[in-house]
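If you're wondering where the values come from, they're calculated on a predicted model, not measured in any experiment. Here is the naming used below: chain letters follow the sequence lines, and residue numbers restart at 1 for every chain. All heavy atoms count here, side chains included; hydrogens, waters and symmetry mates do not.
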There are 2 protein chains.
Amino acid sequence: MIHETDAADIPALAAELRTALLRAARRLRVERSDEEISAGQLSVLGFLHREGPSTPRAIAAFERVRPPSLTRTLTALQDLGLVERVAHPHDGRQVLIALTGAGHAAVTLTRSRRDAWLAQVLSGFSPVERTALATALDVLRRIADS
Amino acid sequence: MIHETDAADIPALAAELRTALLRAARRLRVERSDEEISAGQLSVLGFLHREGPSTPRAIAAFERVRPPSLTRTLTALQDLGLVERVAHPHDGRQVLIALTGAGHAAVTLTRSRRDAWLAQVLSGFSPVERTALATALDVLRRIADS
DNA sequence: TATTGTTATACTCTATAACTATA
DNA sequence: TATAGTTATAGAGTATAACAATA
């Protein structure tokens, strides 16, 4: 267990982080329970919820997937009635993806259910640990973006 | 951005953590570069490196995958000559998975290369952030185990 | 009967390459 | 020509169900 880090520990920290990250993500992905929305789909819905209507390209860049992969996700979400494709006002090549009313509702609802167990786990941690986790959030984001 | 947490922030923290975790894990999985060993395979090798010979069941439990999924991984690793299946001394049903010499070497070698970019990213962080990350490691492990 | 591991099979997510429409 | 998005196709990773061997 590492609780202090200096330069020499960075490779060890990297190795441990990689394993812990993969295992935690796997655990998270399994927690879709009985619901029909996948973790990736929910992430896209959340992005649209925060950012408003966006182009597939912008969403794909944020999600770190290739455009064809996102097309699939969007088609699935559209079939569920959660997003809609609307024409871009100025550029005929582009498409704007927007949440439908059901999409907005789904974000709130699914999140509250999906995050329930995670919030439960987090509530078992000490305030110090949660604060550390909040700081680590930024680190995780920068890892994703690097 | 959340930097302080109290009880009311836990659901928000959970939602942000889920997204950040999934994106970071996706980034990590992509970073196999030119090498032939996948992130999941390396994780298994690392487990055997730490723990010594183990049964498929124990490995699957730690990796949070089902036994048939692990069988696939083990077959791939065996085909690469990195692990071997040896008979269990007392129980004919069980199998012990052990690293070969090449397997031990692969862990060290692949890790140093694979984690190079992650270590590079981590080295760009402040000591405070790395300490927070180390603490968050424990949290990630407990999430994976819950 | 219960347990360990594997085989058979299928689903999800992701990618690259090729295509269409628009700029 | 260059860009945005989609379609076609394939590969990796995972799961459930059924099976064989052993306890």
Side-chain angles (χ1 to χ4, degrees), chain A residues 21-45 53-80 83-98 144, chain B residues 21-45 53-80 83-98 144:
Chain A
L21 212 49
L22 286 173
R23 290 210 312 138
R26 214 142 27 188
R27 178 69 184 81
L28 234 65
R29 210 170 266 125
V30 166
E31 194 62 25
R32 50 192 303 182
S33 314
D34 46 330
E35 314 189 30
E36 75 283 354
I37 298 178
S38 77
Q41 289 170 349
L42 181 54
S43 185
V44 169
L45 292 180
S54 306
T55 65
R57 207 155 206 87
I59 303 171
F62 176 78
E63 295 291 333
R64 291 236 147 223
V65 297
R66 301 292 177 182
S69 302
L70 191 73
T71 294
R72 248 208 180 184
T73 302
L74 293 179
T75 301
L77 289 174
Q78 192 173 33
D79 288 348
L80 291 170
V83 305
E84 55 187 358
R85 290 173 158 98
V86 299
H88 192 287
H90 308 311
D91 188 335
R93 295 170 303 180
Q94 298 190 45
V95 175
L96 283 175
I97 308 297
Chain B
L21 209 51
L22 288 173
R23 289 212 312 139
R26 203 140 37 186
R27 178 70 184 81
L28 233 66
R29 211 171 266 122
V30 167
E31 193 62 26
R32 49 190 306 178
S33 312
D34 47 330
E35 314 189 31
E36 74 284 353
I37 297 178
S38 76
Q41 289 169 347
L42 182 55
S43 186
V44 169
L45 292 181
S54 306
T55 66
R57 206 154 207 88
I59 303 172
F62 176 78
E63 294 291 334
R64 292 241 146 218
V65 297
R66 300 292 177 182
S69 303
L70 190 74
T71 293
R72 248 202 181 190
T73 301
L74 293 180
T75 301
L77 289 174
Q78 192 173 33
D79 289 348
L80 290 170
V83 304
E84 56 186 359
R85 290 173 159 98
V86 298
H88 191 287
H90 307 312
D91 189 335
R93 297 170 303 180
Q94 298 188 46
V95 176
L96 283 175
I97 308 296

Per [X] side chain, nearest of listed nucleotides [options]:
{"X": "V65(A)", "options": "dT4(C), dT6(D), dT14(C)", "value": "dT14(C)"}
{"X": "P67(A)", "options": "dG5(C), dT6(C), dT6(D)", "value": "dT6(D)"}
{"X": "P56(A)", "options": "dG5(D), dA8(C), dT14(C)", "value": "dG5(D)"}

Rounded distance (Å) that lies between atom [atom2] of [N] and atom [atom1] of [X]:
{"X": "I59(A)", "N": "dT6(D)", "atom1": "CD1", "atom2": "C1'", "answer": "15 Å"}
{"X": "R66(B)", "N": "dA8(C)", "atom1": "CZ", "atom2": "C1'", "answer": "18 Å"}
{"X": "L22(A)", "N": "dG13(D)", "atom1": "CG", "atom2": "P", "answer": "11 Å"}
{"X": "R85(B)", "N": "dT4(C)", "atom1": "CZ", "atom2": "C1'", "answer": "12 Å"}
{"X": "R57(B)", "N": "dA2(C)", "atom1": "CZ", "atom2": "C1'", "answer": "11 Å"}
{"X": "Q78(B)", "N": "dG5(C)", "atom1": "CD", "atom2": "C1'", "answer": "13 Å"}
{"X": "H88(B)", "N": "dT6(C)", "atom1": "NE2", "atom2": "C1'", "answer": "18 Å"}
{"X": "E63(A)", "N": "dA15(C)", "atom1": "CD", "atom2": "P", "answer": "11 Å"}

Please report the interatomic distance CD(Q41(B)) to CG(L74(B)), rounded to the nearest 0.5 Å.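 Q41(B) atom CD to L74(B) atom CG measures 9.5 Å (nearest 0.5 Å).
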For nucleotides 21-23 of chain C, which of its nitrogen or oxygen atoms have a protein nitrogen or oxygen under 3.5 Å away, and what is each distance?
{"residue": "dT22(C)", "atom": "O3'", "partner": "G92(A)", "partner atom": "N", "Å": "3.4"}
{"residue": "dA23(C)", "atom": "OP1", "partner": "G92(A)", "partner atom": "N", "Å": "2.9"}
{"residue": "dA23(C)", "atom": "O4'", "partner": "R93(A)", "partner atom": "NE", "Å": "3.4"}

Look at atom CZ of R85(A) and say whether more than 12 heavy atoms of other residues, nucleotides or ligands are closer to it than 6.0 Å.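 Yes - once you tally the heavy atoms of other residues, nucleotides and ligands closer than 6.0 Å, there are more than 12.
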Neighbours of DNA chain D within residues 70-77 of chain A, by heavy-atom distance under 4.0 Å: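 Correct list: T71(A).
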Tell me if a side-chain donor or acceptor on [X] pairs with a main-chain N or O of [Y] at a distance below 3.5 Å.
{"X": "R57(A)", "Y": "P67(A)", "result": "no"}
{"X": "T75(B)", "Y": "T71(B)", "result": "yes"}
{"X": "R64(A)", "Y": "A24(B)", "result": "no"}

Could you walk me through whether I97(A) and V44(A) pass the side-chain contact (heavy atoms from CB on, under 4.5 Å) test, one step at a time? CA-CA 10 Å; I97(A) 308 297; V44(A) 169; over 6 Å; no
Just to verify, what does Q94(B) make a side chain to side chain contact (heavy atoms under 4.5 Å, CB included) with, not counting sequence neighbours?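 If we apply the side chain to side chain contact (heavy atoms under 4.5 Å, CB included) test to Q94(B), skipping adjacent residues, the hits are T55(B), H88(B), D91(B).
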Does dT14(C) have its OP1 or OP2 closer than 4.0 Å to a side-chain nitrogen or oxygen of R26(B)?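 Yes.
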Under 4.0 angstrom between T55(A) side-chain N/O and dA4(D) OP1 or OP2: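 T55(A) to dA4(D) OP1/OP2: no side-chain N or O under 4.0 Å.
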Heavy-atom closest contact (S54(A) atom, I59(A) atom, distance):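 S54(A) and I59(A) have their closest heavy atoms at CB-CG1, 3.9 Å.
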So which atom in P89(A) and which in L96(A) form the shortest heavy-atom distance, rounded to 0.1 Å?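 Smallest interatomic distance, heavy atoms only, reads CD-CD1, 4.0 Å.
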Look at the side chain of S69(A) and the base of dA15(C), then say whether one donor and one acceptor between them are separated by less than 3.5 Å.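 By the distance-only test, yes, there is a pair.
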